[in-house]
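The structure appears below as structure tokens.
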Amino acid sequence: MKKKIWLSSPHLSGHEMQYIQEAFDENWITSIGKNIDEFEYSLAQYMEMDNHIVALNSATSAIHIALILLGTNSQDEIITSSFSFVASANPIIYCGATPIFIDSEEDTWNMCPIALEQAIKDRISKGKKPKAIIVVHLYGMPAKMDEILKIAEEYEITVIEDAAEALGSSYKGKSCGTFGRFGILSFNGNKIITTSGGGALVCHTQEDKDKAVFLSTQARDPAPHYQHSHIGYNYRMSNIVAGIGRGQMEVLKDRIEARRKMHDFYISLFKDIKGIKVFSEPTDEYYSNHWLSAIIIDPEIAGKTREELRMALLEENIESRPLWKPMHLQPVFSTSPYYETDVSEKLFENGLCLPSGSNLTESDKKRITDVIVDFFSDH
Ligand SMILES: *Cc1c(COP(=O)(O)O)cnc(C)c1O
């Protein structure tokens, strides 16, 4: 069997162990220490913002903390993108609140501003204004932030940006994750950089940051004994894990460049193949990290289906994966309100994510090319 080519696998810099060793040497191996401070600082530098970033044990925890900081409870409705990974929506349920799903638009595959406004009007007419909008930048593609922020402002609804897949992406020159009241980053194993598992909450004030640290470290009141007047969580990133993050930050730029080159590779690979569209930025106001490269197949034109291509790649031990299954189609959210545009269901039906890792070699690319050229040449 040929070596497996993964969709997106961890790609270390080589310096991670050195920072982990430092944590051991100084015996700072829990939830405070230099690795955490430096990791947060370098993220803030990268995103060109003040250091109000809080490193946590996952992006899912970061969304949960953001919702708690907004005071989310069982009376609330929270809007989010239907076309996303389930972790964008689960924390809404952790708070006992109701998720309201919004479908995608064609250009960015992200939250459709028109459906968003319809949803807000409809929810208000039913007697409840949504408390927050969790907008996702899927596959690293920035959402239509001007339109979404304008609507959020008009109806005075707080924005949380799920930039778990979009570290290094920007919209009109501004980093994804810095537009909303809160931003979310993920360092899970398959993301553009990894800490093995981890995430961050991007805040914009010291007050929010302090509250997030407090809540994510068991909400301990200042007292010599253990005193608690709030429910807390054990969500802080450890100083060991943050050491991996420090090593990864040294190469973030290279990783983004490599992922963007994979996107270029697919553009040229599919250039002459009819019925295939490589997912790309709609204009140069959008800058995607191209965390995952994705294509849409029109089976009528291509004469092949998404599943056939996926199986052909799998036969050569090359991983590919259908696009995210929209939340409104998930059994667990079948009764949640949903405002549709018809876009995400088609994306799910005909879309495929292709190997996109920053560590793919020329010979990996050759194997991918051979399968794809062969697959589309025999019809
Ligand atoms: C990966 C991901 C998350 C969750 O990140 P974790 O760090 O694994 O909790 C949330 N939202 C989106 C869009 C993601 O891709």
Side-chain angles (χ1 to χ4, degrees), residues 58-105 108-124 126 128-145 147-149 151-153 155-166 176-177 179-186 199 201-202 323-345 347-348:
S58 73
T60 311
S61 307
I63 298 173
H64 192 195
I65 293 285
L67 290 172
I68 292 165
L69 287 173
L70 298 179
T72 307
N73 64 40
S74 61
Q75 302 306 303
D76 292 320
E77 293 187 344
I78 306 287
I79 285 179
T80 190
S81 308
S82 181
F83 190 50
S84 185
F85 177 51
V86 70
S88 305
N90 280 342
I92 300 169
I93 307 293
Y94 304 163
C95 293
T98 304
I100 309 288
F101 293 111
I102 311 293
D103 209 329
S104 305
E105 42 79 16
T108 71
W109 298 0
N110 289 311
M111 185 181 282
C112 172
I114 297 162
L116 169 65
E117 184 157 24
Q118 275 166 358
I120 294 171
K121 282 185 177 153
D122 188 52
R123 300 323 292 175
I124 291 173
K126 290 186 162 77
K128 191 167 285 175
K129 191 174 89 170
K131 182 162 207 127
I133 301 166
I134 303 175
V135 57
V136 185
H137 306 292
L138 216 60
Y139 303 118
M141 184 64 72
K144 295 198 162 169
M145 288 313 289
E147 288 89 336
I148 289 165
L149 290 171
I151 293 164
E153 200 172 306
Y155 292 91
E156 299 180 324
I157 301 174
T158 305
V159 172
I160 298 170
E161 273 178 282
D162 181 348
E165 302 178 4
C176 288
F179 289 89
R181 161 89 183 269
F182 296 109
I184 308 297
L185 302 174
S186 174
L201 180 67
V202 178
L323 302 185
W324 298 119
K325 180 171 182 172
M327 289 307 114
H328 71 270
L329 298 179
Q330 299 287 356
V332 72
F333 292 122
S334 59
T335 59
S336 303
Y338 156 58
Y339 294 82
E340 80 173 281
T341 63
D342 198 25
V343 172
S344 66
E345 291 188 25
L347 293 172
F348 176 57

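Everything quoted here is computed from the prediction, not taken from an experiment. What you see below is based on every heavy atom in this structure, not just the backbone, and it leaves out hydrogens, waters and symmetry mates.
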So Trp109 and Tyr139, do their side chains get closer than 4.5 Å, heavy atoms only?
yes
Taking Ala164's backbone N and O only, do any of them form a donor-acceptor pair with Ser186's side chain (distance below 3.5 Å, no angle check)?
no
Ignoring hydrogens and angles, tell me if any N or O in the side chain of Glu105 forms a donor-acceptor pair with the backbone of Thr108 under 3.5 Å.
yes
With side chains defined as the heavy atoms from C-beta onward, is the minimum distance between Ile114 and Gln118 less than 4.5 Å?
yes
Taking only residues two or more places apart in sequence, or in another chain, which ones meet Ser58 in a side-chain contact (heavy atoms from CB on, under 4.5 Å)?
Thr60, Ser61
Centroid separation under 6.0 Å, is that true for the rings of His328 and Phe101?
no
So, Phe85 versus Trp324, ring centres under 6.0 angstrom or not?
yes
Going by atom types alone, do Glu161 and His137 pair a side-chain donor with an acceptor below 3.5 Å?
yes
Steps toward side-chain contact (heavy atoms from CB on, under 4.5 Å) verdict (Glu147, Glu117)
CA-CA 10 Å; Glu147 288 89 336; Glu117 184 157 24; over 6 Å; no
Less than 4.0 angstrom from a charged side-chain N to a carboxylate O is my criterion; do Glu77 and Lys131 meet it?
no
Contacts of Ile93 meeting side-chain contact (heavy atoms from CB on, under 4.5 Å) (sequence neighbours excluded), chain-then-number -> Pro99, Phe333
When rounded to the nearest 0.5 Å, the distance separating NZ of Lys126 from NZ of Lys121 is 14.0 Å
Derivation of the side-chain hydrogen bond (donor to acceptor under 3.5 Å, both in side chains) call for Ser82 and Asp103
CA-CA 5 Å; Ser82 181; Asp103 209 329; 5.9 Å; no
Given Cys95 and His64, is the side-chain contact (heavy atoms from CB on, under 4.5 Å) satisfied, shown in steps?
CA-CA 8 Å; Cys95 293; His64 192 195; 3.8 Å; yes
So do the side chains of Met111 and Ile133 get within less than 4.5 Å of each other, counting heavy atoms only?
yes
Residue pair Thr80 / Ile160, side-chain heavy-atom distance below 4.5 Å
no
Can a donor-acceptor pair be found, under 3.5 Å and without considering hydrogens, that links the side chain of Thr341 to the backbone of Ser104?
yes
Just by distance, with hydrogens left out, do Arg123 and Tyr339 show a side-chain donor and acceptor under 3.5 Å apart?
yes
Minimal heavy-atom distance between Ile148 and Pro113, with the atoms involved, is CG1-CG, 4.3 Å
So, do Ser81 and Asn110 sit near enough that their side-chain heavy atoms are less than 4.5 Å apart?
no
Ile102 and Ala115 have their tightest heavy-atom pair at CG2-CB, 3.8 Å
What's the spacing between Ile157 CD1 and Leu70 CG if we round to 0.5 Å?
12.0 Å
Quick one: do Phe182 and Val202 satisfy side-chain contact (heavy atoms from CB on, under 4.5 Å)? Show the steps, please.
CA-CA 5 Å; Phe182 296 109; Val202 178; over 6 Å; no
Any Ile151 side-chain heavy atom under 4.5 Å of Ile120 side chain:
yes
Expected output: side-chain Lys128 to main-chain Asp76 donor-acceptor under 3.5 Å:
no
Run the side-chain contact (heavy atoms from CB on, under 4.5 Å) check on Thr72 and Ile78 step by step: do they pass?
CA-CA 9 Å; Thr72 307; Ile78 306 287; 3.9 Å; yes
Could you check whether any side-chain heavy atom of Ile134 comes within less than 4.5 Å of a side-chain heavy atom of Val159, counting everything from C-beta outward?
no
Considering all heavy atoms of both residues, which atom of Val136 and which atom of Ser88 are nearest to each other, and what is their separation?
CG2-OG, 3.6 Å
